[in-house]
Structure formats: structure tokens, C-alpha cells
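Since this is a predicted model, take the numbers as computed values, not measurements. Ligands are counted one by one from 1 in listed order, and the atoms in each one are counted from 1 as well.
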Amino acid sequence: MRIPIVAANWKMHKTVPEARAYLERLIGLAGRDPGVEVVVFPSFTALPAAAALLEGVPVGLGAQDAHPEPAGAYTGAVSVAQVADLGVRYVLCGHSERRKLFGEDDALVGRKVRAALEYGLAPILCVGEALEERRAGRAWEAVDRQLDRGLGPVEGDPDGLVIAYEPVWAIGTGVAAQPADAQEMADRIRRWLRERFGAVGDAIRVQYGGSVKPDNAREFLSLPDVDGALVGGASLDPDAFWAIVQSARR
Ligand code: PGA
């Protein structure tokens, strides 16, 4: 049985006081056990405050990115070692905005995944095809390549690994994937994981992400091979995010 994981990716939103206010509201709601793993991904600046507030609360914490080198001359970057030190459990690796806007390639994403695992953190590897790739019937080819390269450097069992399937054209556009397409992709990803990691692959959760909202969340979260959601825009409001979390109850 895979416990669904629903995650809030705040992206570049919220000052520290705003993050505190959000989390206070979320903590109030999270008192009622949803039977779902809930994770928030604030900006780096809000991570220490979030870690303090979430102590003893059943809401996990993640970093939106992390540099694979433990330390060094990388101005502006924050390392996996540094976020691990803050009580973070998850690290997003290869979000499409990092790939597109910051030029991250599959090789760098693979190094991040490996570094996260080395520090005992759980990577959420984001994969997904561009619109041209879907139109050309090459969606799986793109995802297969991202899985191959993103997980290539991993040795041994990838403890805690989660895959987020996020078609690039669905992110922040209000146009979510068709649930049947999300299911098909999640199923192919699962078969890929089984082939690569054996029985361990069965326990790896596959999320859907891309314009998930309170009113469409259940369509995705009830799919047999979708084990949660990675939510951007609709996660910025704690009540809307909580409504999505509730949809993941099984
Ligand atoms: P969205 O973002 O929910 O705003 O489409 C999803 C994501 O970027 O993870």
C-alpha cells in the first residue's frame, strides 16, 4: 500500500511572516489526520521558521532545489548538505522551471538526486514532456529519457524517492492533463521503476502535477497509479491546499 503524498510547491512566493501565517492555518487543519502524507516546499528563506513551526506536526518539509556539491564557490546556490541541516526531508529535483528557466540539464538533475539520497533526503524527481513532444507522439520518449538520466547515477535502493509526473504544458496554465493520460503515464513510469529497481519500484510513489485544483484533484488522486499530487498555484492558499489533501484520502 502506497500512502499518497500531496505536496505544496510555493515557488518564489511568501515572505517569512506570510509563510508563518500560512503554516499556522495549515497546522490548525492538519490536526485532523488525513491519512495522507502532506509536505510543504517553502523558499529557502522560510525553511528555518517552517522547520520550527512544524516540529511535532504531521506536515513534512521540503526544499525546492539544492546544489549537489556539499560546499564550494557556487554563488547563490544552497547545497543538499545545507538543507539537510534544517530538518528538511524532501528535495525537488529537476522541476521544469529549473530546467527551462535556469538551464538545468538531465545530468545535473541526476547529480542532485544522487546527492539527496547520499544525505538521507528523499528526492522528488520531476519529469514531464513539453507540448511539442506530446503533439509529436513522443511524450513517453521524453519521460523515459528524464528517468534514465535522472536516476542513472543512483546506486542501490533509492530510499524515499518520489516521481512527480508533470507535463510542462500543464504547469501553471490552468489546463490539466486528461486523467486517462496521467494514468497511462503513471503506469508506464511504474513499470519503468519496477524494471530498474525490482520490488522496491512498487513502493515508489508517482505524483501527478500540473494545474491541480480543489475541483479536479479527486479525478487525479483516485487513479490507480497516481499516488499524490504536486501542487503549485492552488497550494498558495492553505484552505485550497487542504481541500486537495482531503481528496487524496483512500
Ligand atoms: P501548478 O504548478 O499547480 O501551478 O500547475 C505545479 C508545479 O509546478 O509543481
Numbered atoms and elements of ligand 1 in range of Ser211, under 4.0 angstrom, heavy atoms: 1 (P), 3 (O), 5 (O)
Crowding at CD1, Ile3 (>12 non-hydrogen neighbours, <6.0 Å): no
Sidechain N-carboxylate O distance under 4.0 Å for Arg191, Asp225: no
Protein contact to atom 3 (O) of ligand 1 [nearest heavy atom, distance to 0.1 Å]: Gly232 N, 2.8 Å
Those atoms of ligand 1 less than 4.0 Å from some heavy atom in Gly172: 1 (P), 4 (O), 5 (O)
Test item: Gln207 side-chain N/O and Gly228 main-chain N/O as donor-acceptor pair under 3.5 Å: no
Contact with ligand 1 for Gly209, non-hydrogen, under 4.0 angstrom: no
Polar contact flag for Ile171 and ligand 1 (N/O pairs, less than 3.5 Å): no
Asn9: numbered ligand 1 atoms lying under 4.0 Å from its heavy atoms: 8 (O), 9 (O)
Nearest non-hydrogen protein atom, atom 2 (O) of ligand 1: Lys11 NZ, 3.3 Å
Trp140 and Glu129: side chain donor to acceptor below 3.5 Å: no
Protein contact to atom 9 (O) of ligand 1 [nearest heavy atom, distance to 0.1 Å]: Glu166 OE2, 2.6 Å
Asp106 with Arg99: basic N within carboxylate O range, under 4.0 Å: yes
Neighbour count >12 (heavy atoms, 6.0 Å) for atom NZ, Lys213: yes
Atom 4 (O) of ligand 1: nearest protein contact (heavy atom, Å): Gly233 N, 2.8 Å
Point-to-point distance, once rounded to the nearest 0.5 Å, from CD1 of Ile189 to CZ of Arg194: 12.5 Å
CZ (Arg145) with more than 12 external heavy atoms under 6.0 Å: yes
Where ligand 1 meets His95 - atom numbers and elements under 4.0 angstrom, heavy-atom basis: 7 (C), 8 (O), 9 (O)
Salt bridge (Lys or Arg N to Asp or Glu O under 4.0 Å) partner of Arg111, chosen from Glu69, Glu118, Glu104: Glu69
Sub-3.5 Å N/O-N/O distance, Ala234 and ligand 1: no
Mode of Ala170 contact toward ligand 1 - side chain, backbone, both, neither (heavy atoms, under 4.0 Å): backbone
Thr173 N/O under 3.5 Å from ligand 1 N/O: no
Interfacing atoms of ligand 1 (cut-off 4.0 Å, heavy-atom, Gly210): 5 (O)
